[in-house]
Amino acid sequence: MTQLVPPAPDKLLPCSFYQQPVTDVARNLLGKLLVRSHDGLRASGTIIEAEAYRGEEDLACHAKAGYTRRTAVMYGKAGTSYVYFTYGMHWMLNIVCEDTGFPAAVLIRAIVVVEGSDWVSDNRPSVSPKHWCDGPAKLTRALQIDGTHNGLDLCIQPDQLWVEEGIKIDDSQVNQTPRIGLGNVPEPWLSIPWRFHTSILNTLIPR
DNA sequence: GCGACGATGGGCT
DNA sequence: GCCCATCGTCGCA
């Protein structure tokens with residue numbers, strides 16, 4: 001029988017964590033633990049890279065197209081998952097932020113695996129641990145996150161996916177750069193430094 | 001280690 | 001029909 005592994009109530013991040021300016025949330029997610037429950041077992045990783053996407057004015061944000069079937073969840077409640085499909089083969093995990101009705105989300109770009117490395121290893125065959133989760137589509141593959149995980153509440157009694165308190169990342173360990181992979185996006189959105197990452201955990205990744 | 005490039009399909013104009 | 005919030009593989013150093 002499967003063993004239930006709910007989030008520890010005192011560690012689960014509340015909705016209020018996400019109902020903040022999306023750039024603050026992206027910064028503050030560094031060091032937090034992304035948890036995937038699968039068959040009653042936990043797999044998790046510390047978030048080391050995240051990007052903010054904010055509003056219909058942000059021409060890198062999907063919400064630039066306005067309210068559509070795809071972007072609808074971004075207009076929903078803070079703490080909801082936004083998982084979308086791109087490049088014909090990749091799933092991306094975002095978390096909705098700010099006030100309901102205003103489209104904003106944080107893209108989780110990279111994690112360092114903490115729990116469930118056996119399962120992750122199975123999900124990333126013939127890939128070295130260093131590259132298991134060092135990209136947004138890699139971590140969704142590693143944690144088996146796909147379109148069925150779109151629109152989930154990650155705060156109120158989450159079932160398969162949530163975020164817990166983790167380690168403290170000091171400001172001196174946070175790098176801030178333009179967002180990755182934007183291509184044809186005009187300024188100022190192309191260069192606005194809404195990507196946050198830390199290399200403090202790099203030494204912990206086995207090769 | 002690094003740069004080039006093809007794969008591949010939904011969303012939107 | 002064009003555009004992607006990308007990845008893995010290949011060739012080369």
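Labels below follow one simple rule: chain letters A, B, ... track the order of the sequence lines, proteins then strands, and each chain is numbered from 1. The structure presented is a predicted model; accordingly, all values stated were derived computationally and were not measured.
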Query raised in the report: Cut-off 3.5 Å, side chains only: do Q160(A) and R36(A) have a donor facing an acceptor?
Result: yes

Query raised in the report: Atom CG of D39(A) and atom CH2 of W119(A): how far apart are they, to the nearest 0.5 Å?
Result: 8.0 Å

Query raised in the report: Is the shortest side-chain N/O distance from R109(A) to OP1 or OP2 of dT6(C) below 4.0 Å?
Result: yes

**Report entry** Close residues, residues 75-91 of chain A, relative to DNA chain C [heavy-atom separation under 4.0 Å]
**Finding:** Y84(A), T86(A), Y87(A), H90(A)

Query raised in the report: Which value, rounded to the nearest 0.5 Å, describes the distance between I200(A) atom CD1 and S172(A) atom OG?
Result: 7.5 Å

Report task. Begin from the C-alpha positions of V22(A) and V106(A) and carry the test side chain to side chain contact (heavy atoms under 4.5 Å, CB included) through to its verdict. Result -> CA-CA 7 Å; V22(A) 65; V106(A) 170; 3.6 Å; yes

Query raised in the report: Heavy atoms under 4.0 Å, any strand shown: does A60(A) hit a base, just sugar-phosphate, or nothing?
Result: base

Query raised in the report: Which of these, L34(A), V112(A), T198(A), N28(A), sits in a side-chain contact (heavy atoms from CB on, under 4.5 Å) with I47(A)?
Result: L34(A)

Requested in this report: Could you check if a side-chain atom of P103(A) sits within less than 4.5 angstrom of a side-chain atom of Y53(A), using non-hydrogen atoms only?
Outcome: no

Requested in this report: Look at the aromatic rings of Y82(A) and H62(A) and report parallel, tilted or perpendicular, splitting at 30° and 60°.
Outcome: perpendicular

**Report entry** Segment of DNA chain B, first to last nucleotide, that comes within the 4.0 Å heavy-atom reach of chain A
**Finding:** dA7(B) to dC12(B)

Requested in this report: Scan G181(A) against the nucleic acid and name what it touches under 4.0 Å (heavy atoms): base, sugar-phosphate only, or nothing.
Outcome: sugar-phosphate

Report task. Round to the nearest Å and state the distance from L139(A) atom CG to dA5(C) atom C1'. Result -> 12 Å

Query raised in the report: Which part of the nucleic acid does R179(A) contact within heavy-atom distance under 4.0 Å: base, sugar-phosphate only, or nothing?
Result: nothing

Requested in this report: Could you tell me whether E51(A) and R179(A) have a side-chain N and a carboxylate O separated by less than 4.0 Å?
Outcome: no

Requested in this report: Give, for atom CG of L161(A) and atom NE2 of H149(A), the distance between the pair rounded to the nearest 0.5 Å.
Outcome: 6.5 Å

Report task. Pull out every residue in residues 98-105 of chain A that has a heavy atom closer than 4.0 Å to any atom of DNA chain C, ordered by number, or say none. Result -> none

Report task. For the residue pair Y75(A) and E56(A), establish whether any side-chain heavy-atom pair is separated by less than 4.5 Å. Result -> yes

Requested in this report: Taking only the side-chain nitrogens and oxygens of N184(A), find out if one of them lies under 4.0 Å from OP1 or OP2 of dC4(C).
Outcome: yes

Report summary line: Which of dT6(C), dG8(C), dA5(C) is nearest the side chain of M92(A)? It is dT6(C)

Query raised in the report: Is the shortest distance from a Lys or Arg side-chain nitrogen in D134(A) or K130(A) to a carboxylate oxygen in the other one below 4.0 Å?
Result: no

Query raised in the report: On DNA chain C, nearest-nucleotide positions of R124(A) versus I180(A): which is more 5'?
Result: I180(A)

I'd like a list of close polar pairs between nucleotides 11-13 of chain C and the protein, N/O only, cut-off under 3.5 Å.
none

Query raised in the report: Where the side chain of Y53(A) is defined as all heavy atoms beyond and including C-beta, which of dC7(C), dA5(C), dT6(C) is the nearest nucleotide?
Result: dA5(C)

**Report entry** Interatomic distance, C97(A) atom SG to M74(A) atom CE [nearest 0.5 angstrom]
**Finding:** 9.0 Å

Report summary line: Under a 4.0 Å heavy-atom cutoff, the residues of residues 189-198 of chain A touching DNA chain C are none

Query raised in the report: Within a radius of less than 6.0 Å around CD of E187(A), do more than 12 heavy atoms belonging to other residues, nucleotides or ligands occur?
Result: yes

Query raised in the report: If you measure from CD1 on I48(A) to CG on L29(A), what distance do you get to the nearest 0.5 Å?
Result: 13.0 Å

Query raised in the report: In which ranges does DNA chain B form stems of 3 or more consecutive Watson-Crick or G-U pairs, distances under 3.5 Å?
Result: B:1-7 with C:6-12, B:9-12 with C:1-4

Query raised in the report: Less than 4.0 Å between a side-chain N and a carboxylate O, is that true for E49(A) and R109(A)?
Result: yes

